[in-house]
Amino acid sequence: MPADPVKELAASLAEATGAELELERPADVEHGDYATNAALQLAGARRRAPREIAAEIADTAAGLEVVERAEIAGPGFVNLFLRDEWFAGAVGGILDDGDGYGGGGAHERTRVQVEMVSANPTGPLTVASARNGAYGDAVARLFALTGHEVEREYYYNDSGAQMDRFRASVEAVRRGEEPPEDGYRGAYIDDLAALKGDPVPLMLKEIEASLDRFRIHFDTFRRQSELEQRLPELLPRLDTYEKDGALWARSSAYGDDEDRVLLRSDDRTPTYRAADVAYLVDKLERGFDRAIYVLGADHHGTRNWYAAVARMLGYDPARVEVLLYQLVHLTRGGEQTKMSKRRGDVVFLDEFVNEIGVDAARWYLVNRGPDQTIEVDVDLAAERSQKNPVYYVQYAHARIAGILRNAPENASNKLSLSGSLATEERELVKRLAELPGVVADALAKRGPQAVPAYAIRVADDFHRFYHEHRVLESEQEVFRLGLCLATQRVIATCLELVGVEAPDRM
RNA sequence: GCGCCCGUAGCUCAGUGGACAGAGCGGCGGACUUCUAAUCCGCGGGUCGGAGGUUCGAAUCCUCCCGGGCGCACCA
């Protein structure tokens, strides 16, 4: 079972106290290395004074080998001060875990599918799609780290009105004409016109190349035209009715906001919503315990639709999950740029990456919570790239690599101590010990922004330690080398989760 | 009108029940003969949109109000 030094400490305390208890790092060092508010929470249920319960917890804690002393504070907090041996043990545990550190323990392994990006191939990917991918991929990576089996899928519409307009636009240019009024235009249309054949697969190939460069890799692709084949078999299984010549799904009776049209009144062709039905069945039949849709906030109106379809067909709606993220606003020198594929002034993912690089781009796009609209000044992001926090974190990784290049090769996870640990060392260890909690929390909330925020804190603590203490040829060399290795591992894991490289030199 | 999201330092944002609210950028002032100064240290900066309520304790939970964004297609 992967290490979680803090949880282990909490568990040994809970065992003796007979109550669940959580440890947190107090903001003030005067309040110890860790503190618990368990007494305050238990007081009500047990009808006892908080400080009385706190005294019992403190007594138990003081009896633990790794606890130097325990104090009762304020209304009933218990503050723990730990011995150096605990810190050495924590670092050893992290090193024992290797790449798996942060994954936490005892999870049921499930099969998860994350469907993301799924932009229709009518043009290059925009920055909005990039956020979809950066967010979805970060969530996928969190699932993977915690021991789940994850597959990434891209779904696209290869038929229908939009695709017709797209194809017609390219054809028009090939004939030397202007694209139709409601068509697509721009340099990329001209480029596609210069090539032969159906522009849809050509465009899709370009999109794949952009995503590959953006470090997002799909396991599978699904096409709408293919899925629609199954509709004759599936539609009769739904709760439907005829109205105004169209076929409607009675989805409002299954938790959706409204009913949806499945077959159009004019020609009885299937709508996108109908294809959704086939696609959902396709996903669930493939045996995923959880099917995750990553959608832009402009699609929030259909958030309840997918679970409604699952219910209608007798599947457990808990297997279906919709993740929403707010839009991205790009500015250039303060001027808003419009994000429409129809005009020439869009900002594409490739342009974005050209200007600020993959590392900064991915960092920027997961750095904010999904509910927060992102505002990126492209000029500023490119210009200030050296001051971007992503480089601050990468630099810590590179600095450690530098130390390790010069270090003797006597790696052992049993870290002996010579003399007492300094404040910077203890703070850094406690920071590293937070990773399993950060990861678990980020996954539970589907909020990967916690990872880069934490990575900054790790880099912060490391840089401070580095500034104050020498590693090589110091009294504490053995412990400090272990601490450096553990720090490097934690930073590498955080960057990996965000999709950013961890360089050995900068 | 209805629904979802947001409102925290000059700017961009972390922070969903705990002890004096945080970071980056921007401003000012310091620190390199050392394992990388892309670093470190210090200073200044906030009625957490507003008003009530729940709680021992609220930026965080509930209600109302104000402001901004996005939806409310037989487009996807």
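Chain A is the first sequence line, chain B the second, and so forth, proteins listed ahead of strands; every chain is numbered from 1.
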(request) Would you please determine if the base of B:rA19 is stacked by A:F77, with stacking meaning a centroid separation under 5.5 angstrom and planes under 30 degrees? (result) yes

(message) Between B:rA76 and A:H299, is there a base-stacking contact, meaning the centre of the base's six-membered ring lies under 5.5 Å from the residue's ring centre while the planes stay under 30° apart?
(response) yes

(request) Tell whether A:S265 reaches the base of B:rC74 with its side chain through a donor-acceptor pair below 3.5 angstrom. (result) yes

(message) For A:R480, is there an ion pair with A:E477 - N to carboxylate O distance below 4.0 angstrom?
(response) no

(message) I'd like to know if A:E424 pairs up with A:R431 as an ion pair, taking the criterion as any Lys NZ or Arg NE/NH1/NH2 lying under 4.0 Å from an Asp or Glu carboxylate oxygen.
(response) no

(request) Verify the contact: side-chain N or O of A:Y391 to OP1 or OP2 of B:rC25, cut-off strictly under 4.0 Å; return yes or no. (result) no

(request) Sort out the partner of B:rG17 for me: Watson-Crick or G-U wobble, both distances under 3.5 Å, none otherwise. (result) none

(message) Measure NZ/A:K445 against C1'/B:rG15 and give the value in whole Å, please.
(response) 9 Å

(message) Need one value for A:N37: base, sugar-phosphate or nothing, where a base atom within 4.0 Å counts as base even if backbone is also close, heavy atoms only.
(response) base

(request) Provide, to the nearest angstrom, the distance between the OH atom belonging to A:Y325 and the C1' atom belonging to B:rC4. (result) 15 Å

(message) So, does A:R273 get its side chain near the phosphate of B:rC75, meaning an N or O under 4.0 Å from OP1 or OP2?
(response) no

(message) Please classify the nucleic acid contact of A:D257 as base, sugar-phosphate, or nothing, using heavy-atom distances under 4.0 Å.
(response) nothing

(request) Provide the Watson-Crick or G-U wobble partner of B:rC48, both distances under 3.5 Å; none if there is no partner. (result) none

(request) Using a 4.0 Å heavy-atom cut-off across all strands, classify A:H397 as base, sugar-phosphate, or nothing. (result) nothing

(message) I want to check a possible cation-pi pair here: A:R222 against A:Y155, using under 6.0 Å from ring centre and within 45° of the ring axis as the test.
(response) no

(request) Determine the contact category for A:L40: base if any of its heavy atoms lies under 4.0 Å from a base atom, sugar-phosphate if only primed atoms, P, OP1 or OP2 are that close, otherwise nothing. (result) base

(request) Please determine, for B:rG71, whether a Watson-Crick or G-U wobble partner exists with both distances under 3.5 Å, and give it or none. (result) B:rC2

(message) What's the closest nucleotide to the side chain of A:R464 if the choices are B:rC40, B:rC70, B:rC41?
(response) B:rC41

(message) Any base atoms under 4.0 Å from A:G296, or only sugar-phosphate, or nothing? Heavy atoms, all strands.
(response) nothing

(request) Give the rounded distance in Å between these two atoms: CE of A:M163 and P of B:rC75. (result) 16 Å

(message) For a quick check of understanding: with a heavy-atom distance under 4.0 Å over all strands, which category does A:A453 fall into, base, sugar-phosphate or nothing?
(response) sugar-phosphate

(message) The side chain of A:H300 is closest to which nucleotide in this list: B:rG3, B:rA19, B:rC35?
(response) B:rG3

(message) Counting the atoms with a prime plus P, OP1 and OP2 as sugar-phosphate, which does A:A35 contact under 4.0 Å by heavy atoms, base, sugar-phosphate, or nothing?
(response) base

(request) Kindly point out which of B:rC70, B:rC6, B:rC74 is positioned nearest to the side chain of A:L327? (result) B:rC70

(request) Identify, between A:Y466 and A:A246, the residue whose nearest nucleotide on RNA chain B lies closer to the 5' end. (result) A:Y466

(request) Indicate, with a heavy-atom threshold strictly under 4.0 Å, whether A:D259 touches base, sugar-phosphate, or nothing. (result) nothing

(request) Quick one: label A:D164 by what it contacts on the DNA or RNA (base, sugar-phosphate, nothing), any heavy atom closer than 4.0 Å. (result) nothing

(request) Measure from CD on A:E468 to P on B:rU39 and round the result to the nearest Å. (result) 16 Å

(message) Can you see whether A:D359 engages A:Y391 through a side-chain donor-acceptor pair at a distance of less than 3.5 angstrom?
(response) no

(request) Take A:M203 and A:T122 through the test side-chain contact (heavy atoms from CB on, under 4.5 Å) and record every step on the way to the result. (result) CA-CA 7 Å; A:M203 194 67 248; A:T122 56; over 6 Å; no

(message) Expressed as a whole number of angstroms, how long is the span from A:D266:CG to B:rC75:C1'?
(response) 13 Å

(request) Answer with yes or no whether the side chains of A:D158 and A:S225 bring together a donor and an acceptor at under 3.5 Å. (result) yes

(message) Using OP1 and OP2 only, check whether a side-chain N or O of A:Q372 sits under 4.0 Å from B:rA14.
(response) yes

(request) Just name whichever nucleotide pairs with B:rG7, Watson-Crick or G-U, keeping both distances under 3.5 Å, else none. (result) B:rC66

(message) Could you check whether A:R399 makes a cation-pi contact with A:Y466, meaning its NZ or CZ is under 6.0 Å from the centre of the six-membered ring and within 45° of the ring axis?
(response) yes

(message) Measuring from the side chain of A:Y272 (C-beta onward, heavy atoms only), which nucleotide among B:rA19, B:rC40, B:rA76 has the closest atom?
(response) B:rA76

(message) Under a 4.0 Å threshold between the charged nitrogen and the carboxylate oxygen, would A:R25 count as salt-bridged to A:E427?
(response) yes

(request) Would you indicate what A:H31 reaches in the nucleic acid, counting non-hydrogen atoms under 4.0 angstrom: base, sugar-phosphate, or nothing? (result) base

(request) Can you tell me the pairing partner of B:rU33 across any strand shown, Watson-Crick or G-U wobble, with both distances under 3.5 angstrom? (result) none

(message) Can you identify which nucleotide, out of B:rU34, B:rC40, B:rG69, has its nearest atom closest to the A:H329 side chain?
(response) B:rG69

(request) Would you mind telling me which residue lines up with the more 5' stretch of RNA chain B, A:R405 or A:R264, judged by nearest nucleotide? (result) A:R405

(message) Any salt bridge linking A:E153 with A:K283? Criterion: basic side-chain nitrogen under 4.0 Å from a carboxylate oxygen.
(response) no

(request) When you get a sec, tell me which of B:rA38, B:rU39, B:rA19 is the closest nucleotide to the side chain of A:N79? (result) B:rA19

(request) Write down the distance between CD (A:Q449) and C1' (B:rC5), rounded to a whole number of angstrom. (result) 14 Å

(request) Name the pairing partner of B:rG27, where a pair is Watson-Crick or G-U wobble with both distances under 3.5 Å, or state none. (result) B:rC43

(request) Consider the side chain of A:E258, meaning its heavy atoms from C-beta on, and name the nucleotide among B:rC35, B:rG69, B:rC72 that approaches it most closely. (result) B:rC72

(message) Taking pairing as Watson-Crick or G-U wobble with both contacts under 3.5 Å, can you name the mate of B:rC61, or confirm there isn't one?
(response) B:rG53

(request) Round to the nearest Å and state the distance from A:R368 atom CZ to B:rC13 atom C1'. (result) 4 Å

(message) Categorize A:R505 for me: base, sugar-phosphate, or nothing, with a 4.0 angstrom heavy-atom threshold over every strand shown.
(response) base

(message) Using a distance-only criterion (donor-acceptor N/O pair, under 3.5 Å, no hydrogens), is the base of B:rA76 paired with the side chain of A:D298?
(response) no

(message) Just the rounded figure in Å: distance from P of B:rC2 to CZ of A:R303.
(response) 18 Å

